[in-house]
Asks: 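Sharing a structure below in structure tokens format, with a few things to ask.
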Amino acid sequence: MNNIQLDGDLSLSYNQIMSLDEVTVDTLPEKKGVLMKHTEYLIRSDSFGASVQRRYTDFEVFYDLLIARYPYRMIPRLPPKKIGMTDHFINERRKALARFLNIISRHPTVRKDPMVQFFFTIEVHDFHIHLKDKFKNLLDEFVTNPDKSSIEDQLNVVAGDANGMKAEIGHMLKSVSVLRELSDRWVTRTKAAAYDLQLYSNELSVLAGEGQTVSALSSHKGDLWSKLREGMRGLSAQFSNLSERIGRQRSQEESSILDNIALLLDILQGLKDLVDRREKGVNKEHQQAFSRVQQLKKQKGTLAASGQGGGAGLQEKIEQQESLINDIGLRNNYSILCLYWEMKQMYTYLSHFGVIWNCFVSSQASLHGDALKLWDDCRPFTSIMKSAQTSAPVSYQPAPASAPVNDNSYSGPSFYDM
């Protein structure tokens with residue numbers, strides 16, 4: 001592992017981070033297992049130059065090993081597991097797994113780990129078993145770092161304490177979650193608008209009598225109904241064009257806005273999980289060790305006051321606990337430094353907002369420009385329909401009845417001959 005540092009790879013710009021790798025995840029046809037079907041994913045990495053197939057179980061083992069190896073780094077969550085998956089769920093999970101892998105493969109520190117290279121390049125049956133067997137005994141990042149002596153010196157450059165960083169992460173996570181919810185609703189409304197316009201088009205076409213047998217009254221040229229039908233046919237075509245254009249917009253919003261906001265949410269949630277691991281792990285251990293020292297010192301004081309022996313043994317235990325506290329304190333400081341580094345990376349990723357809102361504004365401007373033209377193209381047809389207000393209904397007269405046919409072909413006797 002590299003020596004502890006606050007510069008170097010961890011000061012990369014947004015464009016430099018994004019250029020570190022590009023990982024794609026595609027869903028392969030479902031395969032039948034012993035009890036149920038399972039989904040496999042084809043993973044391609046530009047940086048590692050390989051393509052491998054992975055199951056969700058492989059991701060689970062990979063995630064657990066990453067957390068054990070890098071407990072103080074931002075490791076994004078995996079998407080949930082589910083029985084009886086729909087096509088929509090499978091596609092959403094595929095996109096979430098792609099985000100997970102891209103964050104890992106672009107992390108300036110984590111991406112260099114042999115375990116990450118193993119995941120992206122090795123193809124073997126029962127991969128998760130081989131992955132776990134190979135890396136399950138790997139020590140965590142703090143233990144293997146050769147430069148622990150510089151931790152105290154570097155800690156004073158951290159702007160703000162862990163509690164302040166925790167509050168900042170929580171605030172950002174909440175705000176970005178709201179933005180994601182609003183964007184979801186926006187895309188839903190766009191989808192509904194496209195669907196409703198197509199329904200308008202369909203019903204106008206039906207009302208205009210397209211493909212239907214019509215009466216002589218409605219088919220008469222130049223009458224009121226003829227003008228209305230002509231206008232409705234034109235509007236039907238324009239509404240269909242509008243529906244198609246807005247439908248394309250919805251697809252663009254999903255890929256350029258929702259997926260990109262989801263990436264930021266994954267990073268922020270990963271940071272929150274990092275804070276929680278610190279509090280449940282190193283902070284808790286530090287408090288427990290400190291409490292143990294206090295108890296031992298109290299016992300030693302009680303023995304000294306009573307004149308009983310055993311103080312030497314308690315002193316040895318106190319020294320052991322104090323040494324443990326020192327180690328835990330060093331680990332705690334290292335975890336704060338890591339949190340600071342991960343916060344720096346998070347701020348770099350916030351540049352992603354520029355991508356999101358540029359796509360949003362550009363797509364909206366393009367949509368409304370196209371939509372304005374399409375709506376303007378509707379005007380001639382509404383004018384035709386409006387002109388029907390001055391048209392009288394067709395004067396329709398039934399065709400005169402045909403005169404009786406004088407058929408003299410009967411050669412039989414007449415009534416009077418009978």
Side-chain angles (χ1 to χ4, degrees), residues 9 12 14-34 36-70 73-82 85-136 138 251-252 254-256 258-260 262-267 270 345 349 352 355:
D9 285 349
L12 295 176
Y14 170 80
N15 288 337
Q16 288 172 323
I17 286 180
M18 299 302 287
S19 67
L20 288 175
D21 199 5
E22 181 66 35
V23 179
T24 60
V25 177
D26 295 310
T27 306
L28 297 172
E30 285 188 337
K31 294 184 178 181
K32 291 185 177 180
V34 177
M36 64 183 67
K37 295 180 180 179
H38 65 266
T39 303
E40 291 192 354
Y41 303 93
L42 178 63
I43 300 168
R44 301 182 181 90
S45 166
D46 290 346
S47 176
F48 293 98
S51 297
V52 293
Q53 294 184 24
R54 296 286 180 259
R55 293 181 57 179
Y56 185 79
T57 305
D58 302 327
F59 282 90
E60 289 182 308
V61 173
F62 186 44
Y63 174 81
D64 291 340
L65 290 172
L66 285 172
I67 293 295
R69 172 70 173 136
Y70 296 100
R73 299 291 183 176
M74 185 277 297
I75 306 297
R77 289 183 180 181
L78 286 175
K81 198 171 186 176
K82 184 179 179 181
M85 300 179 294
T86 63
D87 290 342
H88 175 74
F89 177 87
I90 291 174
N91 186 53
E92 289 301 308
R93 190 168 74 173
R94 176 194 63 79
K95 292 191 289 186
L97 291 173
R99 294 195 302 271
F100 171 84
L101 290 180
N102 273 294
I103 293 171
I104 296 299
S105 67
R106 291 169 181 165
H107 192 287
T109 298
V110 177
R111 69 186 305 271
K112 299 176 182 178
D113 196 285
M115 175 171 52
V116 176
Q117 182 179 11
F118 190 87
F119 183 88
F120 279 105
T121 58
I122 301 300
E123 187 74 85
V124 63
H125 184 65
D126 287 335
F127 174 81
H128 63 285
I129 297 176
H130 291 270
L131 179 66
K132 186 174 183 178
D133 289 343
K134 186 173 180 64
F135 296 102
K136 63 183 178 181
L138 200 62
S251 298
Q252 185 178 358
E254 273 194 334
S255 60
S256 64
L258 294 186
D259 291 348
N260 284 319
L263 176 66
L264 292 180
L265 275 178
D266 289 346
I267 292 170
Q345 187 178 190
Y349 264 109
H352 213 56
V355 176

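FYI, side chains are in, hydrogens and waters are out, and symmetry mates aren't considered; it's all heavy atoms of this structure.
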Asks: Between atom CG of L263 and atom CZ of F100, what is the distance when rounded to the nearest 0.5 Å?
Replies: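 L263 atom CG to F100 atom CZ measures 13.0 Å (nearest 0.5 Å).
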Asks: For L20, does its backbone N or O pair with a side-chain atom of R111 as donor and acceptor, under 3.5 Å?
Replies: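 Flag set: sc R111 to bb L20 pair under 3.5 Å.
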Asks: How long is the span from the CZ atom in R55 to the CG atom in L28, to the nearest 0.5 Å?
Replies: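 So the CZ of R55 and the CG of L28 are separated by 12.0 Å.
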Asks: Hey, what do you get for NZ (K132) to CG (L65), rounding to the nearest 0.5 Å?
Replies: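 The NZ atom of K132 sits 8.0 Å away from the CG atom of L65.
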Asks: For R106, check salt bridge (Lys or Arg N to Asp or Glu O under 4.0 Å) against everything at least two apart and list the hits.
Replies: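 With sequence neighbours excluded, R106 shows a salt bridge (Lys or Arg N to Asp or Glu O under 4.0 Å) to E22, given in chain and number order.
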Asks: Could you list the residues that satisfy salt bridge (Lys or Arg N to Asp or Glu O under 4.0 Å) with D26, not counting sequence neighbours?
Replies: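 For D26, the residues satisfying salt bridge (Lys or Arg N to Asp or Glu O under 4.0 Å) (neighbours in sequence not counted) are R44.
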Asks: State which residues pass ring pair (Phe, Tyr, Trp, His ring centres under 6.0 Å) with Y63; sequence neighbours excluded, sorted by chain then number.
Replies: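 With neighbours one apart ignored, the set is empty.
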Asks: Considering non-hydrogen atoms only, spot the tightest contact between P79 and R93 and give its length.
Replies: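 In terms of heavy atoms, the two residues are closest at CG-CG, 3.5 Å.
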Asks: With side chains defined as the heavy atoms from C-beta onward, is the minimum distance between F135 and V61 less than 4.5 Å?
Replies: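 The answer is no; the side chains never approach within 4.5 Å.
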Asks: Applying side chain to side chain donor-acceptor pair (under 3.5 Å), name anything that partners N91, two or more places apart in sequence or on another chain.
Replies: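 N91: side chain to side chain donor-acceptor pair (under 3.5 Å) contacts with R94.
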Asks: Please list, chain by chain and in numerical order, all residues satisfying ring pair (Phe, Tyr, Trp, His ring centres under 6.0 Å) with Y349, sequence neighbours excluded.
Replies: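 None.
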Asks: Using side-chain contact (heavy atoms from CB on, under 4.5 Å) as the criterion, list what pairs up with D133, not counting sequence neighbours.
Replies: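 Checked D133 against side-chain contact (heavy atoms from CB on, under 4.5 Å); matches are I129, K136.
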Asks: Of all the heavy-atom pairs spanning Q345 and P108, show the shortest one and how long it is.
Replies: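 Nearest heavy atoms, Q345 then P108: OE1-CD, 3.4 Å.
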Asks: Please report the interatomic distance CZ(R54) to CZ(F59), rounded to the nearest 0.5 Å.
Replies: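 Answer rounded to 0.5 Å: 8.0 Å.
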Asks: Give the minimum heavy-atom separation between N102 and S105, together with the two atoms involved.
Replies: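 Answer, listing the atom of N102 first, then S105: O-OG, 3.3 Å.
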Asks: Nearest 0.5 Å please: distance from the CG atom of L265 over to the CZ atom of R77.
Replies: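 Those atoms lie 11.0 Å apart.
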Asks: Mind running side chain to side chain contact (heavy atoms under 4.5 Å, CB included) on V110 and R69 for me, showing each step along the way?
Replies: CA-CA 9 Å; V110 177; R69 172 70 173 136; over 6 Å; no
Asks: Output all residues satisfying side chain to side chain donor-acceptor pair (under 3.5 Å) with Y56, sequence neighbours left out; order by chain, then residue number.
Replies: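 Listed in chain order: nothing, the list is empty.
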Asks: When rounded to the nearest 0.5 angstrom, what is the spacing between CG in L138 and OH in Y70?
Replies: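 Output value for this atom pair is 7.5 Å.
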Asks: Checking E60 now: which residues fulfil side chain to side chain donor-acceptor pair (under 3.5 Å) with it, not counting sequence neighbours?
Replies: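 Result, side chain to side chain donor-acceptor pair (under 3.5 Å) vs E60: none returned.
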Asks: Under a 4.5 Å cut-off applied to non-hydrogen side-chain atoms, are I104 and P76 in contact?
Replies: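 Sidechains of P76 and I104: in contact.
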Asks: The criterion is salt bridge (Lys or Arg N to Asp or Glu O under 4.0 Å); which residues satisfy it with R99, sequence neighbours excluded?
Replies: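 R99: salt bridge (Lys or Arg N to Asp or Glu O under 4.0 Å) contacts with D266.
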Asks: List in chain and number order the residues that pass salt bridge (Lys or Arg N to Asp or Glu O under 4.0 Å) with D64, two or more places apart in sequence or in another chain; answer none if no residue qualifies.
Replies: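 Expected list: none.
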Asks: Hey, is the main chain of D21 close enough, under 3.5 Å, to the side chain of D46 for a donor-acceptor pair?
Replies: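 Absent.
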Asks: List for me each residue that meets side-chain contact (heavy atoms from CB on, under 4.5 Å) alongside I90, sequence neighbours excluded, and say none if there are none.
Replies: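 Here the qualifying residues are T27, E30, T39, M85.
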Asks: Table please: side-chain donor-acceptor pairs of residues 116-125 below 3.5 Å, with sequence neighbours left out.
Replies:
| unit_1 | atom_1 | unit_2 | atom_2 | d |
| --- | --- | --- | --- | --- |
| T121 | OG1 | Q117 | O | 2.5 |
| E123 | OE1 | Q53 | N | 2.9 |

